[in-house]
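Let me begin by presenting the structure, written as structure tokens, before commenting on it.
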Amino acid sequence: MATNALLRRKTGRRPSRWSVAARVVAAIPANYLLTSLATAWLARVLPGPRHEASVAATLIAFALFATLVLTAFAVRSIGRLWFAMAAAGAILGALLWLSLASGGRL
């Protein structure tokens, strides 16, 4: 109840249910997809033995996931949030595809 009063005092209006739902979807399932693409790509390009690269990529993924969850609720524009996540997903997907197509390590 106090947070609703605080939001109304700052902006003059409450966030709509659709904006909250869009942020939750961006923060959990879309973020999971983006983080998994980043983890797969990092595991392929990080130097060193395969098992160490996989562990390092996974550790980086935990920090990336938490950062993206916080960002999903901190950004003012939902459109910009989704555009940035879609662009990052397309770039990471292309990088992963190039890595797989070039015959990088598995």
How many angstroms lie between atom [atom1] of [X] and atom [atom2] of [Y], to the nearest 0.5 angstrom?
X	Y	atom1	atom2	answer
S99	L92	OG	CG	12.0 Å
R23	L81	CZ	CG	6.5 Å
T58	L64	OG1	CG	12.0 Å

(message) Running the 4.5 Å side-chain criterion over Ile, Leu, Val, Met, Phe, Trp and Tyr, what cluster does V69 land in, apart from itself?
(response)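 In the cluster with V69 are Y32, F65.
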
(request) Please go through F73's hydrophobic cluster and name the other residues, only I, L, V, M, F, W, Y counting, with side-chain heavy atoms under 4.5 Å joining them. (result)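 Under the 4.5 Å side-chain rule, F73 groups with V20, V24, I28.
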
Can you see which heavy atom on [X] is nearest to which on [Y], and at what distance?
X	Y	value
S19	I78	CB-CD1, 3.2 Å
L37	G89	CD1-O, 3.7 Å
A43	A53	O-CB, 3.7 Å
A27	A72	CB-CB, 3.9 Å

(message) Before you tell me yes or no, could you show the steps for I91 and L95 under side-chain contact (heavy atoms from CB on, under 4.5 Å), namely the whole-Å CA-CA distance, both residues' side-chain angles and the distance that decides it to 0.1 Å?
(response) CA-CA 6 Å; I91 291 169; L95 287 172; 4.1 Å; yes

Residues in side chain to side chain contact (heavy atoms under 4.5 Å, CB included) with [X], at least two apart?
X	result
A30	W82, M85
T71	T67, V75
S77	R80

(message) Are the side chains of L100 and R44 in contact, using a 4.5 Å heavy-atom criterion?
(response)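 They are in contact (side-chain heavy atoms under 4.5 Å apart), so the answer is yes.
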
(request) Report yes if the side chains of L68 and L34 come closer than 4.5 Å at any heavy-atom pair, otherwise no. (result)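 A side-chain contact under 4.5 Å exists here.
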
(request) Not counting sequence neighbours, which residues clear side-chain hydrogen bond (donor to acceptor under 3.5 Å, both in side chains) with T35? List them please. (result)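 Here the qualifying residues are N31.
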
